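Here the structure is laid out as C-alpha cells; the discussion comes afterwards.
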Amino acid sequence: MMLNPTATKRSATKDAPEDCRSCLVCSRENGCESCPDKLFLFLNREDMRQHGSCLHSCPAGHYGLRGQDMNRCMKCKASDCERCFNKDFCTKCKGGFQLFKGKCLTSCPEGTIPHLTDCIEGCQLSLWGEWSPCERNGLRCGFRWGRQSRSRESRRGPEGASPHCPTQHESRKCRMKKKCPEERRKNERRGERKRGRKQQRLLNNATATEPPGGT
C-alpha cells in the first residue's frame, strides 16, 4: 500500500507507523521511499528485504550524498571505516585502526607516527628513553607481574607538515619481585619467633618428664 505525501501527512498522527512519520512517501512493508529535502534516505538491508528511514545524518559506515531528486545515505567502501567523505575517502576509522590520507591502516607507514587515531607526517623522533621501574598499583613488589613504560620526544622536521608532534609512549609487561624486602624481614622474624617457641615447648616437655632427683 502506497501513501502519497498528502495521505502520509494526514495519517501521521493516527495510522502511519512510527518510522513513516518523517517520510514523504512510505510503504508499510519497506518503510520510507522518499524523504523531505533536508533529510537523507537510509536503506537498511536485511537478507533480501530493505527498510527505508529518513535521517538528519547518516549512520556509521555511511556518508550523505545530495542529489537533485533525493538525498541518500551511501555506504563507505572500506569495512573498517566508521565515517567517510565519499565512497573511497575515510574521515574516521573504527577502533584498532589508524587514519592516514583517507585510508584505515592497522599500523602507521614508515615516516609517520601514530597520534590518537591518526598517522602524522613530518615529525622527527628521538631515541627511546630508559624503561621505568616495574610497578603495579604504585608498588614495585608484592605482585608477580607489573608494567613499565618509556617515551621518546618528537619534533617538527625541517619540512614537517604537522604543526603538532606528540611525545611517543609505549609500555610492556614485566616481572616483579613477588615478595617485598619488608615482608621478607617480617617473615624471617616470624619464623625465628616460631622456632623459639617450639624449642621452648620441647625444653618444657623435657623438664616435665625428667624423674625427680635426676641420676
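Quantities reported herein were computed from a predicted structural model and do not represent experimental measurements. In what follows, every heavy atom counts, from backbone to side chain, and hydrogens, waters and symmetry copies are set aside.
Distance check, rounded to the nearest 0.5 Å: CG of D118 to CZ of F100 gives 10.5 Å. The CD atom of Q124 lies 11.0 Å from the CD1 atom of I113; values are rounded to the nearest 0.5 Å. The NE2 atom of H51 sits 10.0 Å away from the CG atom of L43 when rounded to the nearest 0.5 Å. Interatomic distance, SG of C108 versus CD1 of I120, reported as 8.5 Å (0.5 Å rounding). From E135, atom CD reaches atom CZ of R147 across 13.0 Å, with rounding to the nearest 0.5 Å. Rounded to the nearest 0.5 Å, atoms CD (E82) and NZ (K94) are 7.5 Å apart.
No donor-acceptor pair under 3.5 Å is formed between the side chain of S34 and the backbone N or O of L24. The backbone N or O of H169 lies less than 3.5 Å from no partner atom in the side chain of S151, so there is not a single donor-acceptor pair. At distances below 3.5 Å, at least one donor-acceptor pair connects side-chain atoms of S132 with backbone N or O atoms of S149.
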Given disulfide bond (SG atoms under 2.5 Å apart), test C23 with C54 step by step and report yes or no.
CA-CA 6 Å; C23 308; C54 292; 4.2 Å; no
Pair T106-F97, side-chain contact (heavy atoms from CB on, under 4.5 Å): steps then yes or no
CA-CA 5 Å; T106 54; F97 293 89; 3.8 Å; yes
Residue pair F143, K178: steps toward the side-chain contact (heavy atoms from CB on, under 4.5 Å) verdict
CA-CA 5 Å; F143 300 95; K178 195 172 181 181; over 6 Å; no
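Minimum heavy-atom separation, Q168 to P114: NE2-O, 3.4 Å. Of all heavy-atom pairs between C58 and R83, the closest is O-NH1, 2.6 Å. Across L99 and K92, no two heavy atoms sit closer than the pair CD2-N, 4.2 Å. Between P133 and Q148, the closest heavy-atom pair is O-CB, 3.8 Å. Pairing each heavy atom of S22 with each of P36, the nearest pair is O-CD, 3.1 Å. The shortest heavy-atom contact between T167 and R152 is CG2-O, 3.3 Å.
In this structure, R150 pairs ionically with E170, as a charged nitrogen and a carboxylate oxygen lie closer than 4.0 Å.
In this structure the side chain of H56 reaches within 4.5 angstrom of the side chain of L39, judged on heavy atoms.
The SG atoms of C26 and C32 do not lie less than 2.5 Å from each other. Between C90 and C84, the gamma sulfurs sit at a distance of 2.5 angstrom or greater.
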Could you pull out every donor-acceptor pair under 3.5 Å between side chains of residues 61-81 and any protein atom, sequence neighbours left out?
from	atom 1	to	atom 2	distance (Å)
H62	ND1	A60	O	3.1
N71	OD1	G67	N	3.3
N71	ND2	D37	O	2.5

